[in-house]
There are 2 protein chains.
Amino acid sequence: MLREDVTDAIRSAVFEELAAVGFARMSIEGIARRAGVGKTAVYRRWKSKLALVLDLVSAVAAQGLPVPSTGSLYGDVRALLEVASHALRHPLASRVIPDLLVEAARHPEISEAIKSALLDKEKGIAAAVVREAVARGELPEGTDPDRALDLIAGPLYWRLVVVRGDLPAGYLDDLATTAVAALTRDRTT
Amino acid sequence: MLREDVTDAIRSAVFEELAAVGFARMSIEGIARRAGVGKTAVYRRWKSKLALVLDLVSAVAAQGLPVPSTGSLYGDVRALLEVASHALRHPLASRVIPDLLVEAARHPEISEAIKSALLDKEKGIAAAVVREAVARGELPEGTDPDRALDLIAGPLYWRLVVVRGDLPAGYLDDLATTAVAALTRDRTT
DNA sequence: GTACGTCGCAACGCAACCGTTTCGTCGTGA
DNA sequence: TCACGACGAAACGGTTGCGTTGCGACGTAC
């Protein structure tokens, strides 16, 4: 019977190592060292570096993302931004997420895992938020949820991850207001 | 006298290698191999992998970014999106840029280089576009150019780089219209 | 035509990591 | 009490890249 505390230590080490050096530089030896564990213990559980990371991603996926339902489009969007901004400012996650997104361009398995663990769920959430807003009459029928996600998540990701700028007080409120206005506005001209 | 054709071959190889395997996995041996050149030729010119990349980035920076001046805010924004979408869909640049942006989080020198070669220039362009729009009366005084850049570049970067989705016909027009509307709208409530 | 510097190539010793195997220890279940 | 299996540690041979060195070939400037 594999010891669960060892398994947990390895999982944490993978996360930390991923944040520290990135997927490309991450090594099994480094993970075992960080976890205070023999390489044997790692290889007994996973067969490769890739398998370790895929396991980590699907573990994150399993815990799911909260689906906001505040009763208003603004409230839902604001809640989405709140959650996303926390993730993108988490000291470890803020390094791991962009790193894996970039690696996904080179590894189909990572791409697939990230897609089903994160992007598809976000798309689903956006779709749900849009659907409810349409039902409430806040948005016109036929509103494109993918475009909605671009407008909601894009500016935040750009600022926090790409530019790595700060988040002034009230900025999330402003982004939410802006996104709602952009979605509400008739897409004419 | 160093042979210029060799220098050029190395520079190209760095760019291609960066796109193929990323900064983390890139090796001097791989670059020399790809350039069809001895390691000696590389070390005679640059002292490390980092120096090679910094040189590449500042070479890109030197050629500068076009500053749009179409006479209207929409025209300028649309032109910005056009240029950015080309860069982010270029088969090599679309891999190199996100990779270096992520590496920048780990290497202050890369961060600094990218910042002065790309981000600061983009901010400058956004500032110029906003300034002219204010002068024309299209935007209110005190419009935040950083926020403007978030709203213009964020959705596009999210779609092309993060989600790696497609770009439907008319999408850039729509993004430009949306961004202009978001900027124009009085930022109340 | 001679001298110099760059060229590609190959080899150097060193370090890190690969994935595997062996070993002695320890904890648990039968 | 005993057997079994997971544990950490260490070593294995092999691969890759490091940064350096020595080599003979080539080309150009003087």
Side-chain angles (χ1 to χ4, degrees), chain A residues 1-57 59 95-96 99-100 102-103 106-110 113, chain B residues 1-57 59 95-96 99-100 102-103 106-110 113:
Chain A
M1 193 87 301
L2 298 175
R3 270 170 51 191
E4 196 150 349
D5 57 331
V6 170
T7 305
D8 292 346
I10 296 172
R11 278 215 176 85
S12 300
V14 170
F15 191 51
E16 291 163 19
E17 195 76 0
L18 216 42
V21 306
F23 179 78
R25 290 183 189 83
M26 189 178 84
S27 71
I28 303 264
E29 304 221 338
I31 291 164
R33 208 178 303 132
R34 185 184 289 269
V37 138
K39 275 200 290 180
T40 329
V42 178
Y43 280 110
R44 200 173 285 123
R45 290 166 172 81
W46 294 275
K47 71 176 223 297
S48 69
K49 177 169 105 166
L50 183 59
L52 268 163
V53 169
L54 295 183
D55 178 90
L56 179 75
V57 171
R95 286 169 170 259
V96 172
D99 186 84
L100 289 183
V102 167
E103 289 294 338
R106 273 182 275 266
H107 304 277
E109 305 94 327
I110 294 182
Chain B
M1 194 83 305
L2 298 176
R3 269 170 52 190
E4 195 149 350
D5 57 330
V6 171
T7 306
D8 291 345
I10 296 172
R11 279 216 174 86
S12 299
V14 170
F15 190 51
E16 291 163 18
E17 194 76 1
L18 215 42
V21 305
F23 179 78
R25 290 184 188 82
M26 189 177 84
S27 71
I28 303 263
E29 304 223 340
I31 291 164
R33 210 178 302 135
R34 184 185 289 269
V37 138
K39 275 200 291 180
T40 329
V42 177
Y43 279 111
R44 200 172 285 123
R45 292 166 171 79
W46 294 275
K47 71 176 224 295
S48 70
K49 178 170 103 168
L50 182 60
L52 268 164
V53 170
L54 296 183
D55 179 89
L56 180 75
V57 171
R95 286 169 169 260
V96 172
D99 185 84
L100 289 183
V102 166
E103 289 294 338
R106 271 183 276 267
H107 304 278
E109 305 93 328
I110 294 183

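Just so it is clear: chains get the letters A, B, ... in the order the sequence lines come, proteins before strands, and each one is counted from 1.
Side-chain N/O atoms of Arg45(B) include none lying less than 4.0 angstrom from OP1 or OP2 on dT6(C). Note on Arg44(A): a side-chain N or O is less than 4.0 Å away from OP1 or OP2 of dC7(D). Residue Arg33(A) places at least one side-chain N or O under 4.0 Å from the OP1 or OP2 atom of dC17(C).
To the nearest 0.5 Å, the span separating CD on Glu17(A) from NZ on Lys49(A) amounts to 10.0 Å.
Using a 4.5 Å heavy-atom threshold, the side chains of Ile28(B) and Leu52(B) count as touching. The closest side-chain heavy-atom distance from Glu103(A) to Val53(A) is not below 4.5 Å.
Remark: C1' of dT25(C) and CZ of Arg3(A) are 12 Å apart, rounded to the nearest angstrom. Per the geometry, CD belonging to Glu29(B) stands 12 Å off C1' belonging to dT20(D), to the nearest Å. What separates CZ of Arg34(B) from P of dG8(C) is a distance of 17 Å, to the nearest Å. The CD atom of Glu4(A) sits 12 Å away from the P atom of dC7(D) (whole-angstrom rounding). Rounded to a whole Å, the CD1 atom of Ile31(A) is 8 Å from the P atom of dC18(C). Distance Arg25(A) CZ to dC18(C) C1': 18 Å, rounded to the nearest Å. Rounded to an integer number of Å, the gap from Ile10(A) CD1 to dG8(D) C1' is 12 Å.
If you check dC18(D), dC18(C), dT6(C) against the side chain of Ile28(A), the one that comes closest is dC18(C). Of the candidates dC7(D), dC18(C), dC7(C), dC18(C) carries the atom nearest the Ser27(A) side chain, counting heavy atoms from C-beta on. Listed nucleotides dC18(C), dC7(D), dT21(D) differ in distance to Lys39(A); the shortest reach to its side chain belongs to dC18(C).
Summary of the strand contacts: Lys49(B) and Thr40(B) both lie near DNA chain D, and taking for each the nucleotide with the nearest heavy atom, the more 5' one is attributed to Lys49(B).
Between the side chain of Arg45(A) and the backbone N or O of Ala41(A), at least one donor-acceptor pair lies under 3.5 Å. With hydrogens and angles ignored, the 3.5 Å screen pairs no side-chain donor or acceptor of Arg34(B) with any backbone N or O of Ala9(B).
Within 4.0 Å (heavy atoms only), Gly30(A) reaches no atom of the nucleic acid at all.
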